[in-house]
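Below is one structure, written out as structure tokens; the observations come after it.
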Amino acid sequence: MINLGMASLRLYAGLVGCRSGSCARSLRTLSGMTVSQIDEEVAKLLELKVQLGGDEGRHQFTLKTAKGTRDYNPKQMAIREKVFNTIISCFKRHGAENIDTPVFELKETLTGKYGEDSKLIYDLKDQGGELLSLRYDLTVPFARYLAMNKVTNIKRYHIAKVYRRDNPAMTRGRYREFYQCDFDIAGQYDPMIPDAECLKIVHEILSELELGDFRIKVNDRRILDGMFAVCGVPDDKFRTICSTVDKLDKMSWEDVRSEMVKEKGLSEEAADQIGQYVSLQGGMDLAERLLQDAKMSQSKQACAGLTDMKQLFSYLQLFQVTDKVVFDLSLARGLDYYTGVIYEAILTQTGPVPVAAAQNGAGEKAEEGVSVGSVAGGGRYDGLVGMFDPKGRKVPCVGVSIGIERVFSIMEQKAEVRKGDGRETLCG
Amino acid sequence: MADKAQIQEAIKTQGEVVRKLKAEKASKEQIDEEVAKLLELKVQLGGDEGRHQFTLKTAKGTRDYNPKQMAIREKVFNTIISCFKRHGAENIDTPVFELKETLTGKYGEDSKLIYDLKDQGGELLSLRYDLTVPFARYLAMNKVTNIKRYHIAKVYRRDNPAMTRGRYREFYQCDFDIAGQYDPMIPDAECLKIVHEILSELELGDFRIKVNDRRILDGMFAVCGVPDDKFRTICSTVDKLDKMSWEDVRSEMVKEKGLSEEAADQIGQYVSLQGGMDLAERLLQDAKMSQSKQACAGLTDMKQLFSYLQLFQVTDKVVFDLSLARGLDYYTGVIYEAILTQTGPVPVAAAQNGAGEKAEEGVSVGSVAGGGRYDGLVGMFDPKGRKVPCVGVSIGIERVFSIMEQKAEASAEKVRTTETQVMVASAQKNLLEERLRLTAELWNAGIKAEVMYKKNPKLLSQLQHCEDSGIPLVAILGEQELKDGVVKLRTVHSREEIDVSRAKLVEEIKRRTSDV
């Protein structure tokens with residue numbers, strides 16, 4: 001009873017934007033109204049409104065797009081087209097194929113994949129057929145596609161919109177419909193080569209888009225887990241400590257340490273040991289040093305990750321991109337999917353944070369809260385496709401998601417600035 | 001394992017509970033509750049490995065596009081977009097869902113085919129049904145009075161598959177529209193020129209573009225004695241002339257729609273007429289037809305239209321056809337439909353291509369584009385009822401995809417799914433570093449290159465990959481070649497090989513790939 005009452009109140013609150021008339025308003029004080037009863041009354045209200053505009057068929061309602069969505073006007077489309085062309089050229093330069101999937105999936109396909117974020121999924125109304133939901137990202141549809149078509153090897157890109165019912169009160173400026181731009185390599189290969197190619201692609205794209213200077217931070221889940229283990233973090237606290245460490249790009253070490261100890265119940269010793277590691281950044285040299293580190297080398301997992309990290313850097317050198325890549329032990333990201341290398345690209349020129357800056361879907365993989373300044377992210381996720389395959393057959397994957405909305409924002413701002421200072425003739 | 005069997009049993013039972021509730025049309029919450037329990041059980045089943053025991057499929061009426069299909073799709077879009085740009089069109093995009101109230105009352109009977117989003121406590125939303133209503137909403141919302149825009153995007157219709165086999169529920173529409181008050185018939189003529197260009201460039205075979213005008217149709221019905229209240233229904237019967245014989249159409253008008261035999265015969269005399277500017281002239285002189293002011297206005301504009309079409313050099317394929325009706329809910333002036341004249345087996349989804357639907361279904365087989373003038377729509381959205389006249393066309397892109405996919409199947413030529421120009425390979429072991437180094441050089445020079453993700457791949461596998469993907473060139477590294485500072489550049493299909501100096505390799509590859 002209470003639940004139904006709450007549901008109808010919430011429903012009513014949502015109806016306010018639809019200029020509900022007195023009929024719907026009077027339902028506010030009634031408890032036990034079912035959702036379908038409210039539906040019925042709303043339908044009657046709309047019907048009456050249609051009748052009112054009967055002579056000219058005109059509708060008396062506020063002209064707007066749905067909350068969290070927006071039209072793209074011609075100027076924005078022109079910018080969007082340029083950005084896509086640059087990105088797609090790069091993907092094609094690397095031999096990627098293109099696929100597309102439907103905007104909605106069977107609800108069961110998405111169920112159980114996003115943890116707490118599942119409440120942000122848009123469901124379609126049950127109209128007597130299959131239960132459907134709008135896609136939340138492009139990674140789960142990709143894994144479904146691979147399993148469904150029994151694909152074992154593919155290098156593909158996919159640029160499309162995804163849907164998340166973000167609560168605007170918490171995350172002002174976030175869109176509910178936004179583009180994701182994913183590139184993934186699926187298949188069993190010799191280690192770290194495809195991983196290196198993903199980083200080469202990020203480097204090429206960010207360079208060509210001319211967004212200013214950038215850095216690509218890399219780490220590895222096995223190194224993180226190994227580090228936590230040797231620092232004395234209890235197994236069951238790995239994830240929660242990890243998400244605190246992830247805040248180091250937004251919070252100071254003192255605050256992060258404080259959260260680990262006071263809120264997450266970690267021992268001060270363990271926290272301090274972690275602190276020694278997460279401040280470390282470097283290249284292949286750092287990986288080598290850590291392999292020699294007395295404590296770290298006790299973890300087999302960490303050693304495997306560090307060995308691969310050295311291999312990765314050797315390939316990155318051949319690809320000529322080490323100037324912008326940093327092995328950073330504080331990089332955590334939402335680790336639900338990742339099983340190996342993880343990376344995140346950030347712009348180093350800090351400026352006013354553009355609208356939707358914090359939301360760009362960069363390598364989300366079911367994780368929110370990409371840090372300000374982040375324009376791309378991703379990693380290796382070897383276990384996902386196996387979750388879909390009836391026989392549990394694994395298809396190892398590594399990929400990256402470009403934070404395209406962030407890029408749009410920046411380009412739109414640049415266009416505004418150029419227009420404003422009267423240099424149009426020079427800039428052409 | 002016994003646990004698993006128990007859960008599976010429970011899933012079966014619960015599945016039946018859900019089915020029964022739905023059949024009994026139980027309340028939504030009850031069904032929701034039982035479905036949630038079912039999903040919960042399924043999650044438990046896959047509990048150990050987090051694996052889900054369900055059929056891997058896309059939603060009914062939707063499909064993935066694999067790389068081959070995407071390659072075809074890209075080519076088609078490029079051709080179409082080039083044409084739109086050639087004519088100065090801008091591009092806009094709108095969200096996939098609109099407020100439910102925006103779509104309410106626009107599609108008549110078809111409203112039941114709209115996908116609604118679940119009420120999750122916020123605004124009531126529905127997936128867009130076409131691109132025309134969002135366009136009108138965009139114009140009214142932004143107070144735009146003049147724009148020439150194209151919009152290519154997917155739309156959503158909950159078609160009942162039993163009735164319309166092969167129809168997709170998610171499909172592309174490709175719209176071009178000119179909004180604004182202009183001198184009559186010039187933008188209308190440009191739309192037809194665009195259809196002509198697109199269909200010619202897509203090389204789908206011979207085509208015809210039928211044109212008519214709502215005012216001519218209405219005027220014709222009036223002078224033939226059709227009662228006002230039967231206009232629409234008679235119109236939709238006349239519309240069936242591309243699928244049914246005149247005898248059957250006449251029969252439906254008289255027997256089912258209650259039209260007098262006289263009126264039906266009079267209509268019959270007109271709807272068999274086809275021609276060009278000459279026909280419009282003749283009808284203006286026609287004793288009966290000229291009695292209708294409406295018809296005369298339409299005919300005068302039709303003459304004007306043909307004079308512009310002559311200047312645009314497209315009259316070879318355009319026919320003024322009095323039997324063309326289309327769903328007339330929106331149209332206020334000229335209407336047109338393009339059909340392919342080479343009849344072949346109707347491809348899957350042929351009958352559904354959204355061509356100029358504008359809230360109307362049942363585009364005839366063979367139809368690949370359609371549209372017309374609709375001056376009253378935007379006014380329905382504007383708070384002050386301000387009108388913005390519009391004329392536009394919708395290309396039946398799904399139909400075009402089907403045809404192109406069939407052609408690709410039939411032809412010996414392979415459709416490439418990548419654009420890779422060079423494979424960087426080696427015959428010997430321990431040359432991964434050199435391969436990676438060279439590949440990066442090629443990428444940095446803007447050359448599209450691939451390298452195998454193996455330390456020591458066999459040359460044959462690398463060459464096979466080139467054959468499979470259609471990669472035209474291979475750059476082969478070897479110990480001796482490295483010492484000599486050269487790379488073997490091989491043409492895949494001819495197997496011809498030459499040694500190229502490392503320094504000149506980029507230049508040589510660029511030269512060869514630009515020749516193609």
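Labels below follow one simple rule: chain letters A, B, ... track the order of the sequence lines, proteins then strands, and each chain is numbered from 1.
- When T418(B), L127(B), L117(B), T417(B) are compared by the number of non-hydrogen pairs under 4.5 Å with chain A, L117(B) comes out ahead.
- The shortest side-chain heavy-atom distance between T58(B) and R144(A) falls under the 4.5 Å cut-off.
- Using a 4.5 Å cut-off between heavy atoms, A196(A) makes no contact with chain B at all.
- Proximity of K161(A) to V96(B): side-chain heavy atoms (C-beta onward) are nowhere separated by under 4.5 Å.
- Contact between S461(B) and M452(B) at its shortest, heavy atoms only, is O-CE, 3.8 Å.
- Both the backbone and the side chain of E433(B) come within less than 4.5 Å of a heavy atom of chain A.
- Highest contact tally toward chain B, considering only Q320(A), E204(A), K200(A), E197(A), is held by E197(A) [criterion: heavy-atom pairs under 4.5 Å].
- Of all heavy-atom pairs between K60(B) and E130(A), the closest is N-OE1, 2.8 Å.
- For chain A, the option among E98(B), R437(B), K68(B) with the highest count of heavy-atom pairs below 4.5 Å is R437(B).
- For N73(A), the parts lying near chain B are the backbone and the side chain together; criterion is any non-hydrogen pair under 4.5 Å.
- With a 4.5 Å cut-off on non-hydrogen atoms, L125(B) touches chain A through its side chain but not through its backbone.
- Looking at E81(A), the atoms closer than 4.5 Å to chain B (heavy atoms on both sides) all sit in the side chain, from C-beta outward.
- Across L442(B), N444(B), I471(B), V451(B), the residue that shares the most heavy-atom pairs under 4.5 angstrom with chain A is N444(B).
- Of the atoms belonging to I121(A), it is backbone heavy atoms, and not side-chain ones, that fall under 4.5 Å from chain B.
- Less than 6.0 angstrom separates the ring centroid of F408(A) from the ring centroid of F84(A).
- Distance OG/S133(A) to CZ/F104(A): 10.5 Å, rounded to 0.5 Å.
- D71(A) approaches Q76(A) most closely through the heavy-atom pair O-OE1, 3.6 Å.
- The choice from Q127(A), R156(A), K155(A) that makes the most heavy-atom pairs within less than 4.5 Å of chain B is Q127(A).
- When heavy atoms are compared at a cutoff of 4.5 Å, K92(A) approaches chain B by way of both its backbone and its side chain.
- Between L199(A) and F319(A) there is no side-chain heavy-atom pair separated by less than 4.5 Å.
- For R70(A) and Y175(A), the positive end sits near the middle of the six-membered ring, less than 6.0 Å away and at most 45° from its axis.
- When each of I147(B), V378(B), V144(B) is checked for a side chain to side chain contact (heavy atoms under 4.5 Å, CB included) with F135(B), only I147(B) meets the rule.
- Your options are T69(A), N98(A), I99(A), and the one with the most heavy-atom pairs under 4.5 Å with chain B is N98(A).
- H203(A) is not listed as a side-chain neighbour of L316(A), based on a closest heavy-atom distance of 4.5 Å or more.
- Side-chain atoms of T111(A) and S118(A), non-hydrogen and from C-beta on, never get closer than 4.5 Å to each other.
- Within the 4.5 angstrom heavy-atom criterion, no atom of E434(B) approaches chain A.
- Only the backbone of I447(B) comes within contact range of chain A, with heavy atoms under 4.5 Å apart.
- In terms of heavy-atom pairs under 4.5 angstrom with chain A, the leader among R73(B), K118(B), Q421(B) is K118(B).
- For a residue to count as touching a neighbouring chain, one of its non-hydrogen atoms must lie under 4.5 Å from one of that chain's; by this rule R158(B) touches chain A with the side chain only.
- When heavy atoms are compared at a cutoff of 4.5 Å, R416(B) does not approach chain A at all.
- At a 4.5 Å heavy-atom cutoff, the contact between Y163(A) and chain B is made by side-chain atoms alone.
- In this structure, chain A has no heavy atom under 4.5 Å from any part of L438(B).
- The CZ atom of R393(A) sits 12.0 Å away from atom CG of L146(A), with the distance rounded to the nearest 0.5 Å.
- Heavy atoms of Q317(A) lying under 4.5 Å from chain B are absent altogether.
- Ranked by heavy-atom pairs under 4.5 Å with chain B, the list V321(A), D100(A), D190(A) is led by D100(A).
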